[in-house]
Amino acid sequence: MRFRSEEGVRDMGLKAPGIITFMLSVILTVIVLTSKFFGADIPGLTGNESWAMLVSYMILMLGCMVRGM
C-alpha cells in the first residue's frame, strides 16, 4: 500500500512474519481455543482466554510490522 505525502511516496513496510513468530501465535491460539471450547484447565489461562487471544494476535501483528521478528 502506498501513501502520497509532500515528501514523495512512502511504503507501509508490512511483511510476512517469521516462521517462529507465526508458529508461536498459532500454538497460543490453539491452546486458548482448547481451553475455551473443550474445558481444559490450564493454570494461568483459565478465565483469561480473551487476554491470551489478544496477546496471540498482537504477537502476529508485531511480526508483520517489525523487521527481524
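Just so you know, these numbers come straight off a predicted model, no measurement behind them.
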Taking [Y] as the starting point, is it possible to reach [X] by hopping between hydrophobic residues whose side chains are less than 4.5 Å apart?
X   : Y   : value
I20 : V30 : yes
V26 : L62 : no
L28 : M23 : no
I19 : L14 : no

Check: Distance from L54 atom CG to M61 atom CE, nearest 0.5 Å?
Finding: 8.5 Å

Margin query: Within this structure, what is the CE-CE distance for the pair M65 and M58, rounded to the nearest 0.5 Å?
Written below: 8.5 Å

Checklist line | L33 vs E49, side-chain contact (heavy atoms from CB on, under 4.5 Å): CA-CA, chis, key distance, verdict | finding: CA-CA 8 Å; L33 292 175; E49 290 94 354; over 6 Å; no

Notebook entry, point to check: Under 3.5 Å, is there a donor-acceptor pair between the side chain of S35 and the main chain of I42?
Noted result: no

Check: Would you say the side-chain atoms of K15 pair up with the backbone N or O of G63, donor to acceptor, closer than 3.5 Å?
Finding: yes

Next item on the list: Would you mind telling me which of T29, L60, I59 makes a side-chain contact (heavy atoms from CB on, under 4.5 Å) with L24?
Entry: I59

Checklist line | For V32 against A52, the heavy-atom pair lying closest together | finding: CG2-CB, 3.4 Å

Item checked: Smallest separation among heavy atoms of C64 and P17, with atom names -> SG-CD, 3.6 Å

